[in-house]
Amino acid sequence: MTDAIHHLVEQYGLIAVFLGCVAEGESAALLGGFFAHQHVFVLWQAFLAASIGAFVGDTLFFTLGRSFANHPLVIKLRGRPGFSHAYRLVSNHPDMFVLSNRFIYGLRLVGGIAAGLSGIAVTRFVILNVISSIIWAGLFTTIGYVFGLGAERIVGQALAHHERLLIALAIGLAAAVLASFIAHTIAKKERSKET
């Protein structure tokens, strides 16, 4: 069973990192770095998949806000907690917002929509988004890679085979739980500010 999983990760892992980073993505980038440490794929490939995924995701939501402001999906996203806060931030500090939006869990999707609805120029957004995506991907794939080093030292060389998949799943689960907790905390604060 673990050989089949290992083969799937080798074959489709970079695609999964890319797709995971199109959406929210920290756990996908962390796992990319972790698997790079485990020699499932090369670190620069994980970094490239994460940075392109981050760029595509943010650009997609920017384009939705810019070109489809009256689409039901965009209207629904505009109603999410945090949208008004994101729109205020991008209106007042557009450069800083675009550079930091990918790092703010829970505001990333509505932040892209807010940036699209704002007056920021497309070229300016794209340049800032490239910079942000590269920094973000470098940070999280490196953390995953370094965590792989630490895990290997703690657990020993037993990670050399199928055990690394279980460790990677644990990392992903821990990152998802932490991200969910942070998102709920931010959303709760935003709801209290809006009432």
Side-chain angles (χ1 to χ4, degrees), residues 12-33 35-36 41-145 172 175-176 178-180 182-183 186-187 190:
Y12 303 107
L14 290 172
I15 295 169
V17 169
F18 168 79
L19 292 174
C21 292
V22 166
E24 297 289 331
E26 283 89 358
S27 55
L30 287 167
L31 287 172
F35 282 124
F41 27 80
V42 183
L43 183 59
W44 72 264
Q45 294 171 328
F47 164 75
L48 191 62
S51 58
I52 292 172
F55 175 79
V56 167
D58 291 347
T59 303
L60 173 70
F61 285 100
F62 174 82
T63 303
L64 281 173
R66 181 61 51 105
S67 302
F68 302 99
N70 294 322
H71 189 276
L73 174 64
V74 174
I75 292 170
K76 181 180 177 184
L77 288 171
R78 288 169 65 180
R80 286 182 69 178
F83 176 81
S84 59
H85 180 66
Y87 190 75
R88 268 193 317 275
L89 286 173
V90 74
S91 296
N92 295 332
H93 311 284
D95 294 346
M96 229 19 217
F97 180 81
V98 174
L99 288 171
S100 64
N101 182 52
R102 178 141 276 276
F103 294 89
I104 306 169
Y105 187 85
L107 287 184
R108 198 169 303 144
L109 302 179
V110 295
I113 298 290
L117 293 170
S118 74
I120 191 168
V122 174
T123 306
R124 185 175 172 189
F125 174 83
V126 168
I127 291 169
L128 293 170
N129 190 27
V130 165
I131 294 167
S132 175
S133 298
I134 289 170
I135 294 169
W136 179 87
L139 175 68
F140 284 98
T141 55
T142 301
I143 290 171
Y145 189 86
L178 179 63
S180 176
I182 292 169
I186 291 171
E190 287 300 317

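Just so we're clear, the structure is a prediction, and the values are computed from it rather than from any experiment.
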Intermediate values then yes/no, side-chain contact (heavy atoms from CB on, under 4.5 Å), Leu48 and Phe18: CA-CA 8 Å; Leu48 191 62; Phe18 168 79; over 6 Å; no

Starting at [atom1] of [X], measure out to [atom2] of [Y] and round the result to the nearest 0.5 Å.
X: Phe35; Y: Leu43; atom1: CZ; atom2: CG; value: 14.0 Å
X: Phe103; Y: Asn101; atom1: CZ; atom2: CG; value: 10.5 Å
X: Leu30; Y: Ile143; atom1: CG; atom2: CD1; value: 6.0 Å
X: Leu14; Y: Phe41; atom1: CG; atom2: CZ; value: 4.5 Å

With sequence neighbours excluded, residues passing side chain to side chain contact (heavy atoms under 4.5 Å, CB included) with Ala29: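 Applying side chain to side chain contact (heavy atoms under 4.5 Å, CB included) to Ala29 gives Cys21, Ala50, Trp136, Phe140, Thr141.
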
Residues that Leu64 engages under side chain to side chain contact (heavy atoms under 4.5 Å, CB included), provided they are two or more places apart: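 If we apply the side chain to side chain contact (heavy atoms under 4.5 Å, CB included) test to Leu64, skipping adjacent residues, the hits are Phe61, Phe68, Leu73, Val74, Ile113.
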
ring-ring contact (aromatic ring centres under 6.0 Å, His included) against Phe97, all qualifying residues, sequence neighbours excluded: none

Stepwise side-chain contact (heavy atoms from CB on, under 4.5 Å) test for Val122 and Phe62: CA-CA 9 Å; Val122 174; Phe62 174 82; 4.0 Å; yes

Under the side chain to side chain donor-acceptor pair (under 3.5 Å) rule, what pairs show up with a residue in [range], not counting sequence neighbours?
range: residues 62-71; result: none
range: residues 113-124; result: Asp95-Arg124
range: residues 51-61; result: Asp58-Arg102, Thr59-Asn129

Taking all non-hydrogen atoms of both residues, which atom of [X] and which atom of [Y] are closest, and how far apart?
X: Leu117; Y: Phe83; result: CD1-CZ, 3.6 Å
X: Val17; Y: Ala49; result: CG1-CB, 4.0 Å
X: Ala46; Y: Ala36; result: CB-CB, 4.5 Å
X: Ile75; Y: Ala69; result: CG1-O, 3.9 Å

Residue pair Lys76 / Pro72, side-chain heavy-atom distance below 4.5 Å: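 No, side chains not in contact.
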
